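These figures come from a predicted structure and were not determined experimentally. All chains are named by letter (A, B, ...) in the order of the sequence lines, taking the proteins before the strands, and each is independently numbered beginning at 1.
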Protein chains: 2
Amino acid sequence: MSIALEEATTALRCRLLAGDFDPGTKLREISVAEDLGVSRTLARLAMSALEHEGLLTREPNRGSRVKRFSIKEIADAIEVRGELEAMAVRQAAERGLDAAMDARLEQILGSLEEVLAQGVTTDAMRDRWVDLNSTLHDCLVEASGNWALKVSISQMSRLPLVSPSALIFDRKDHENGHRQLVASHADHVEIVAAIRARQGHRAEARMREHAFMNARNKILNLADPETMDLARALPGGPLIRPDK
Amino acid sequence: MSIALEEATTALRCRLLAGDFDPGTKLREISVAEDLGVSRTLARLAMSALEHEGLLTREPNRGSRVKRFSIKEIADAIEVRGELEAMAVRQAAERGLDAAMDARLEQILGSLEEVLAQGVTTDAMRDRWVDLNSTLHDCLVEASGNWALKVSISQMSRLPLVSPSALIFDRKDHENGHRQLVASHADHVEIVAAIRARQGHRAEARMREHAFMNARNKILNLADPETMDLARALPGGPLIRPDK
DNA sequence: AGCCCCTATTTGGCATGCAAAATGCCCATA
DNA sequence: TATGGGCATTTTGCATGCCAAATAGGGGCT
């Protein structure tokens, strides 16, 4: 089930995250199947996968529905991811960086610095920033050497708006947006520095604050959807609703 | 019926956790199907579920194999669960207990106290202790009101030896086993007290230590399998190997 | 031994059949 | 009009058979 399943699952996941379906919609496997251009069997597999990811909920004998996320649930998930990443950098500091990872982090930080200096104004620059940012977070988790941490974080990151790639750029107040990026980059630099200095507690604290600020920005923008501009045209659509 | 899938998945999961298969064994869907007495379709669904749970790994076009857990991976997962539970009790303290949950916790603590007073010597008593212990941990997570926390913790808990129900009783040194239970119960009491007093940081710290001690006991026993006596005859078998 | 080719098995996927449950609809009744 | 009961349709849950492609396994050849 390598090629087609993965493809079908990805396609359905993208449609869900893009908000193609209203939350609460029942997904009939027949319509999903012909929608994705695959068989009922495969559609069922894909839906099962997304159910495990938490994007669908299944009621016995009644099929699956599109999960509705409340803002609180998203905020919870972001907070959990933050706590886990904080734990990751603490463990990375306690464990120490190997030479390869150290160089890799240095290179990513350099690229981020470069992008920041040029100014993150175009969509292309935004994409590049988001990519680098995601990669950096991945590396930090990797550096912890903790397998379970990686699993947990990636589970959270599959939820809408939770992933580090779901950055929000403030387009209304461009000055403000730039300030956020500068602060974010300063966090990155200090976190890596703390890890190198084996200051586990400091790395943890700074990462926790980093996550908190990021979460607050996201939630603020959720309440004011006009300014919302999700990187990679990913999530944030009808899946998330203020009610619960 | 969703009955059969759930049943087949549970059956296969139990066989995996019980160590019926050596790690690395390739699971052919045909043999799994007739082994469980279900169709190939259903066997694939069940295997897909267990793959998402992390008990199986799939290699494209080559089927799935039984995942081999190193002791480090298990220790990592236990540590992550501990951190998440610590976060849970902190949030529970910050949020406050509603009357129903407060009463429920009190009742569980009372039952645990009672069991402890009678002495946890028979298998039946051990089962009762494990049940109460699991319920208490579930309640604490529930009390946090954090949905993502519940999801993450349950994900970790599906791994062998990670669940709070995977308690280990020291049968070699009965005195030592009893001491551990007494200490564990004291932790429970103080954690609940801290939550009631809205002492988030204290609840968190104590829970982290509680988890750490529990993890250490488990890992110690892994290195000395003679004394290992997993409650509910659950996991710990061939799935876990010292190597990596 | 090393390599190649051929065969048998297995995976990945599709279409269909079927019983049971759920859904929807129509109509009778209050 | 609102309610509710009964019937037909749809949908789910699972099984079965089939097929192409990839893999694994087993000789035989050099």
Colleague: Could you tell me the separation between the CD atom of B:E51 and the C1' atom of C:dG12, rounded to a whole number of Å?
Modeller: 13 Å
Colleague: For A:R28, check side chain to side chain contact (heavy atoms under 4.5 Å, CB included) against everything at least two apart and list the hits.
Modeller: A:S31
Colleague: Can you check whether B:F21 reaches B:L56 side chain to side chain, under 4.5 Å on heavy atoms?
Modeller: no
Colleague: Considering the options B:K26, B:R65, B:K67, which one meets the salt bridge (charged side-chain N to carboxylate O under 4.0 Å, His left out) requirement together with B:E59?
Modeller: B:R65
Colleague: Test B:R104 against B:E142 for salt bridge (charged side-chain N to carboxylate O under 4.0 Å, His left out), laying out the working first.
Modeller: CA-CA 12 Å; B:R104 193 153 157 62; B:E142 189 71 35; over 6 Å; no
Colleague: Salt-bridge test for A:E6 and B:R58: reply yes if a basic N is under 4.0 Å from a carboxylate O, no otherwise.
Modeller: no
Colleague: Look at B:R128 together with B:D131 and state whether they make a salt bridge at an N to O cut-off of under 4.0 Å.
Modeller: no
Colleague: A side-chain contact here means heavy atoms from C-beta on lying under 4.5 Å apart; do A:V38 and A:L5 qualify?
Modeller: no
Colleague: Residues two or more places apart in sequence or in another chain: which of them pass ring-ring contact (aromatic ring centres under 6.0 Å, His included) with A:H52?
Modeller: B:H52
Colleague: Any idea how A:H210 and A:H137 line up, ring-wise: parallel (<30°), tilted (30 to 60°), or perpendicular (>60°)?
Modeller: parallel
Colleague: Between protein and nucleic acid, restricted to nucleotides 4-10 of chain C and to nitrogen or oxygen atoms under 3.5 Å apart, what atom pairs and distances do you find?
Modeller:
| from | atom 1 | to | atom 2 | distance (Å) |
| --- | --- | --- | --- | --- |
| C:dT10 | OP1 | B:R28 | NH1 | 3.2 |

Colleague: Give the rounded distance in Å between these two atoms: CZ of A:R44 and P of D:dG13.
Modeller: 6 Å
Colleague: How close or far is atom P of D:dT12 from atom CD of A:E59, stated in whole angstroms?
Modeller: 11 Å
Colleague: Quick one: bend of the helix from C:dA1-D:dT30 to C:dA30-D:dT1 from 5 pairs per end, to 10°?
Modeller: 20°
Colleague: Whole-Å distance between D:dG13 P and B:E7 CD?
Modeller: 15 Å
Colleague: Sugar-phosphate atoms are those with a prime plus P, OP1 and OP2; base atoms are the rest. Using that split, label each nucleotide of nucleotides 15-22 of chain D B, S or - for protein heavy atoms under 4.0 Å, 5' to 3'.
Modeller: BB-B---S
Colleague: Give every residue pair that meets the ring pair (Phe, Tyr, Trp, His ring centres under 6.0 Å) criterion with at least one member in residues 138-161 of chain B, sequence neighbours excluded.
Modeller: A:F69-B:W147
Colleague: Starting from the C-alpha separation in whole Å, work towards a yes-or-no answer on side chain to side chain contact (heavy atoms under 4.5 Å, CB included) for B:N217 and B:L167.
Modeller: CA-CA 9 Å; B:N217 289 337; B:L167 269 180; over 6 Å; no
Colleague: In whole angstrom, what separates B:R65's CZ from D:dA24's C1'?
Modeller: 12 Å
Colleague: Check the distance between D:dG13's C1' and A:M47's CE and give it to me in whole angstrom.
Modeller: 12 Å
